[in-house]
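Have a look at the structure below before the remarks.
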Amino acid sequence: MLDLIDIIVAKSIALIEDAKTSADLNDIRVQVLGKNGEYTSVLRGMKDVKPEDKPRMGKLINEGREKIENLIAKREAEFKAVEMALRLKKEAVDVTLDTPQEVGSVHPITSVIQEVVDIFVGLGFTAVEGPEIESDYFNFQLMNIPPDHPARDMQDTFYVSESTLLRTHTSPMQAHTMLSQKPPIRIVVPGKVYRADDDATHSPIFNQIEGLVVDKDISLAHLKGTLDMVAKALFNADTKTRFRPSYFPFTEPSVEVDVSCCMCGGKGCRLCKGTGWLEILGAGVVNPAVLSNCGIDPNEYSGIAFGLGVDRIAMIKYGIPDIRSMYENDVRFLRKYK
Ligand code: FA5
């Protein structure tokens, strides 16, 4: 039995030294020390060893096994070090290489917001922002839309609680501003708004830019002059504007403003559905009831206000057929319309 141990240990050492990979070592481990391995079978012979020889034999068997295991572990460490060095070499990244980098671009919506706000700032307006989660009181009641007013149906939204909602328009910032500062007021308010809408031209989340001017002797003429100038700056110098009568509870009179189609110049095409006009905003003279609600004397002051649909303008300017694609963040879209 002693001879057999010596033979197996010597043979195993030769095999281990000959191994070329850690997979070879694994095979040797199974072949020698595995459940049916050669060395394991020697252990089975222990039952025939005389009791007085068992301690000595057991010690020798353990020493032989340890020798084999240690050598396997040593060679395994060597292989691992070589394999790691090879992997590091293969996966090395040269951080000094001058590879072309993809540069991000401004989203069409952000671009329109920046452009419109810049135009108004150039006219002496100040840009402010307001909360997207709004109270029913500011979103509707101060804007002359009491509970149960039919105009609420035009702006169905998402309620956070009975009295708190995601704002349906940027108009509540009119009230926040009038309650916190005295006229003269000249502000624009870009921001996200929410409605229970969803089709190719109506998104449940979209952007508006509110405008408000309150001062002495402000009239519809100021509104017409300002918006006409802005439309020309935003599209091109030949752009015409058209004011159509409309209805908003917070303005009186109210108008819907169209611009002549920037694609066909007003002749009629696919973009303007043959009409020659594109609607971009709602506006009007601030209803005296709203001024009173916000602590401003309508006998002393008057105002004009407008709410411009940013997404619609982006669709018109960039020729984007479906409003929803602007919120999907598909890089192909972003590359195309940058
Ligand atoms: C309003 O929201 C009024 N607050 C605008 C206003 C402000 C009028 C101040 C008078 C004085 P309206 O619901 O029409 O109005 O929306 C204004 C613009 O937002 C529309 O002209 C349109 O361009 C855009 N819009 C409305 N709903 C959506 C929608 N679901 N998705 C994308 N754009 C929309």
Side-chain angles (χ1 to χ4, degrees), residues 108-109 112-113 116 120 125 130 132 134 138-140 142-145 149-158 165-178 185 187-214 218 220 222-224 226-227 230-231 234 241-259 272 277-291 294 302-317 320-327:
I109 289 178
V112 169
I113 292 173
V116 173
F120 279 104
F125 284 67
E132 287 173 33
E134 203 34 288
F138 271 91
N139 194 81
F140 290 127
L142 282 178
M143 300 315 294
N144 203 30
I145 313 177
H149 192 289
R152 286 196 178 214
D153 288 351
M154 292 163 21
Q155 300 189 3
D156 191 13
T157 188
F158 307 96
L165 43 83
L166 298 186
R167 66 178 175 189
T168 57
H169 51 173
T170 40
S171 298
M173 270 309 282
Q174 289 189 31
H176 284 292
T177 308
M178 287 191 274
I185 293 170
I187 53 152
V188 275
V189 190
K192 291 192 183 68
V193 302
Y194 304 82
R195 289 188 198 174
D197 285 346
D198 192 12
D199 62 37
T201 53
H202 293 82
S203 166
I205 172 173
F206 60 102
N207 289 265
Q208 287 189 338
I209 297 179
E210 190 79 10
L212 174 71
V213 176
V214 182
I218 294 293
L220 191 67
H222 293 106
L223 182 73
K224 282 196 75 176
T226 307
L227 294 180
V230 170
L234 190 58
T241 48
R242 177 172 83 166
F243 289 65
R244 282 182 289 111
S246 185
Y247 171 74
F248 297 105
F250 33 92
T251 45
E252 182 57 41
S254 301
V255 289
E256 216 108 49
V257 179
D258 302 334
V259 290
C272 60
W277 296 97
L278 297 161
E279 181 200 317
I280 57 161
L281 59 88
V285 173
V286 179
N287 191 321
V290 174
L291 293 177
C294 300
S302 54
I304 50 172
F306 54 87
L308 182 146
V310 171
D311 306 56
R312 296 278 172 79
I313 292 181
M315 290 172 82
I316 294 168
K317 276 194 83 137
I320 298 166
D322 192 321
I323 194 167
R324 292 166 294 199
S325 58
M326 288 196 280
Y327 293 94

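Just follow the structure's listing: the first ligand is 1, and inside any ligand the first atom is 1. Residue numbers start at 1 and run along the sequence shown.
- Ring geometry, H169 versus F140: the interplanar angle falls from 30° to 60°, so the pair is classed tilted.
- Annotation: side-chain contact (heavy atoms from CB on, under 4.5 Å) contacts of K192 (sequence neighbours excluded): E132, Y194, I205, N207.
- Residues satisfying the side-chain contact (heavy atoms from CB on, under 4.5 Å) test with H222, not counting sequence neighbours, are I218, S219, I304.
- Here the straight-line distance linking atom OG1 of T177 with atom CD1 of I187 works out to 3.5 Å at 0.5 Å rounding.
- Between E134 atom CD and L166 atom CG the span is 10.5 Å, to the nearest 0.5 Å.
- For D156, the side-chain hydrogen bond (donor to acceptor under 3.5 Å, both in side chains) criterion is met by no residue, not counting sequence neighbours.
- Around ligand 1 you find Q155, H169, S171, Q174, R195, D197, T201, H202, S203, F206, Q208, E210, F248, F250, T251, E256, E279, I280, L281, G282, A283, A305, F306, G307, G309, R312, I323, each with a heavy-atom distance below 4.0 Å.
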